[in-house]
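Accompanying notes for the structure given below.
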2 protein chains.
Amino acid sequence: MKKGAKISNAVIRRLPRYRRYLGELQKKGVDKISSNEFSKLIGYTASQIRQDLNNFGGFGQQGYGYNVKDLHSEISGILGLKNKYRLVLVGAGNLGHAITNYIGNYRSGFAVEGIFEVNPEMIGQTLDGVPILDYDSMVEFIETRKTDIGIICTGKESAQEVADKLCFAGVKGIWNFAPVDLELPGHVAVENVHLSDSLYSLVYHINKMDSNK
Amino acid sequence: MKKGAKISNAVIRRLPRYRRYLGELQKKGVDKISSNEFSKLIGYTASQIRQDLNNFGGFGQQGYGYNVKDLHSEISGILGLKNKYRLVLVGAGNLGHAITNYIGNYRSGFAVEGIFEVNPEMIGQTLDGVPILDYDSMVEFIETRKTDIGIICTGKESAQEVADKLCFAGVKGIWNFAPVDLELPGHVAVENVHLSDSLYSLVYHINKMDSNK
DNA sequence: TAGATTGTTAATCGATTAACAATC
DNA sequence: TAGATTGTTAATCGATTAACAATC
């Protein structure tokens, strides 16, 4: 990997998509693909594909193209998907349930080890085999288990306070589903999933299309 | 609103965020805000805020700033949030449950009217008061109810087939939670929520930060 | 009116696309 | 070797930022 160069976020956001398509190709038994063929499939220009990949190294071979399996593996490595991650989730509501289930069933390498709640009626139960624990015990849990990632599935009112606690306890990243922009120390990564922003953006495009008729 | 000008997607994606902050300000009883004050709050440059807003019209007043309530209302109008939307959801799993619950409880103006499933054991039940119906009856339901938006909460295997059916039945937009890129006719809007892409992007940043230590 | 702040034009920056020499 | 396709530099395009005249 090229050292020092700072990669733009636009590139990073395309990597999982490259990886996804490469996974599908692999499943179909495709061995190699040229940037041109890949372009037709994934919808980015061949030029962009080559530029993107060359941020991280020369994974192709002139006159041949890219080896599908190797490239998939390289991108997995770049993203950090060859490591294991320990997670905790805060907020045992419907969304928390869905995310726990999603990770448990579909994301190998990621394990939700504890779900934290304030509602005493839920504490002690399990969700998809993951224990629901007292929110007050979260910091100690994270410190002991060396949790990597905290997932916030609370309402917006408590999200910042939860984030503060997660950071204090030492998580490296926060996956935030609450509709707020969290203030975090610079060394903690954050990724927001703002569902309503996404829905509103969809609605804008629906209306735009209508008005273009 | 300026006619004809095509607004970039980057601008559209900032609108919900502007609106969210304006809503908070309104709740706090703030009447007016300058682009400079807003900049400090929201983290975009004052210049960008003014540029963005002027894509749609001159909502401010020289020497004064922007009226919080009016601007909130204008942005709601631009996004199309003054209309009502009828939705259906496909896939009554955990994620479908969470999304139904989320829309029912937090998003006024949006109503999930039916949840469609293939699993016969679920058909006939309700989820948050919304009936779970036979997937085979979906097209007729959408045609009758003039459904605006279809939400796909199925696995990736069936997502495209569901999308085709939604389009055939006449929805204007699709909110897609399945990890695939759907092929849709040009007049149907789509918004993807690719959870794993989001998680992978987070993980990249976690590792990047580690390596910068 | 004077001061403040917008709306808008111009300058800059960054990301995408095109071109082509290197090379398998 | 000839053909194909990458890696990489250069050109273009678009988005962000800066500057300032207009105006409340």
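These numbers come from the heavy atoms of this one structure, side chains and all, not from hydrogens, waters or symmetry mates. Naming: A, B, ... by sequence-line order, numbering from 1 per chain. Treat the numbers as computed from the prediction; the structure is a model and nothing was measured.
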| request: Send over the distance from A:Asn9 CG to D:dT16 P, rounded to a whole Å. | output: 13 Å

Under 3.5 Å, which donor-acceptor pairs link side chains of residues 139-156 of chain B to any protein atom two or more places apart or in another chain?
| unit_1 | atom_1 | unit_2 | atom_2 | d |
| --- | --- | --- | --- | --- |
| B:Thr144 | OG1 | B:Glu140 | O | 2.7 |
| B:Asp148 | OD1 | B:Lys172 | NZ | 3.2 |
| B:Asp148 | OD2 | B:Arg86 | N | 2.8 |

| When you look at B:Asp181 and A:Arg17, which way does the salt bridge (Lys or Arg N to Asp or Glu O under 4.0 Å) test go after all the steps? | CA-CA 9 Å; B:Asp181 301 301; A:Arg17 184 162 156 148; 3.3 Å; yes

| remark: dist B:Ser76:OG -> B:Asn83:CG (nearest 0.5 Å) comes out at 11.0 Å

| field | Between B:Lys69 and B:His72, a side-chain donor and acceptor under 3.5 Å | value | no

| task | Using whole Å, report how far CG of A:Asn55 lies from P of C:dG14. | result | 15 Å

| task | Mind telling me whether B:Phe56 and A:Tyr204 have parallel, tilted or perpendicular rings, with 30° and 60° as the class edges? | result | perpendicular

| field | Whole-Å gap separating P (C:dT6) and CD (B:Glu74) | value | 16 Å

| field | Most 5' of B:Leu53 and A:Val11 on DNA chain C, judged by nearest nucleotide | value | B:Leu53

| message | Taking the six-membered ring for Trp, are A:Phe59 and A:Tyr66 closer than 6.0 Å centroid to centroid? | response | no

| request: Name all residues meeting the ring-ring contact (aromatic ring centres under 6.0 Å, His included) criterion together with B:Phe38; count only those two or more places apart in sequence or in a different chain, and write none if there are none. | output: B:Tyr18

| field | Contact residues, residues 15-25 of chain B to DNA chain C [heavy atom, < 4.0 Å] | value | none

| Nearest-Å distance for atom pair CG/P, residues B:Asn67 and C:dT6 | 13 Å

| query | Below 4.0 angstrom from OP1 or OP2 of C:dA15, is there any side-chain N or O of A:Arg13? | reply | no

| query | Between C:dT9 atom C1' and B:Asn54 atom CG, what is the distance in whole Å? | reply | 12 Å

| Stacked cation flag B:Lys32 on B:Tyr64, 6.0 angstrom / 45 deg | yes

| message | Could you spell out the base pairing of DNA chain D as a dot-bracket line? Use Watson-Crick and G-U wobble contacts where both distances are under 3.5 Å, [ ] for crossing pairs, | for partners on a different strand. | response | ..||||||||||||||||||||||

| Evaluation steps, side-chain contact (heavy atoms from CB on, under 4.5 Å), between A:Asn176 and A:Glu191 | CA-CA 6 Å; A:Asn176 174 42; A:Glu191 171 76 17; over 6 Å; no

| message | I'd like to know whether the aromatic ring centres of A:Tyr135 and A:Phe116 sit less than 6.0 Å apart in this structure. | response | no

| Looking across every strand, which nucleic acid part, if any, lies under 4.0 Å from B:Phe59 by heavy atom: base, sugar-phosphate, or nothing? | sugar-phosphate

| task | Identify, with sequence neighbours excluded, every residue that meets side chain to side chain donor-acceptor pair (under 3.5 Å) alongside A:Asp31. | result | none

| field | Sequence-aligned protein contact record of nucleotides 17-24 of chain C, with B where the base is within under 4.0 Å of a protein heavy atom and S where only the sugar-phosphate is | value | BBBB-BBB

| request: Starting at atom CG of A:Asp52, determine the distance to atom C1' of C:dA15, rounded to an integer number of angstrom. | output: 10 Å

| Does B:Tyr66 make a side-chain N or O approach to OP1 or OP2 of C:dG7 shorter than 4.0 Å? | yes

| message | Could you check whether any side-chain N or O of A:Asp197 sits under 3.5 Å from a backbone N or O of A:His194, counting only pairs where one atom can act as donor and the other as acceptor? | response | no

| query | How many Å lie between CD1 on B:Ile49 and P on C:dT8, as a whole number? | reply | 17 Å

| remark: A:Lys32 atom NZ is separated from D:dT6 atom C1', nearest whole Å, by 11 Å

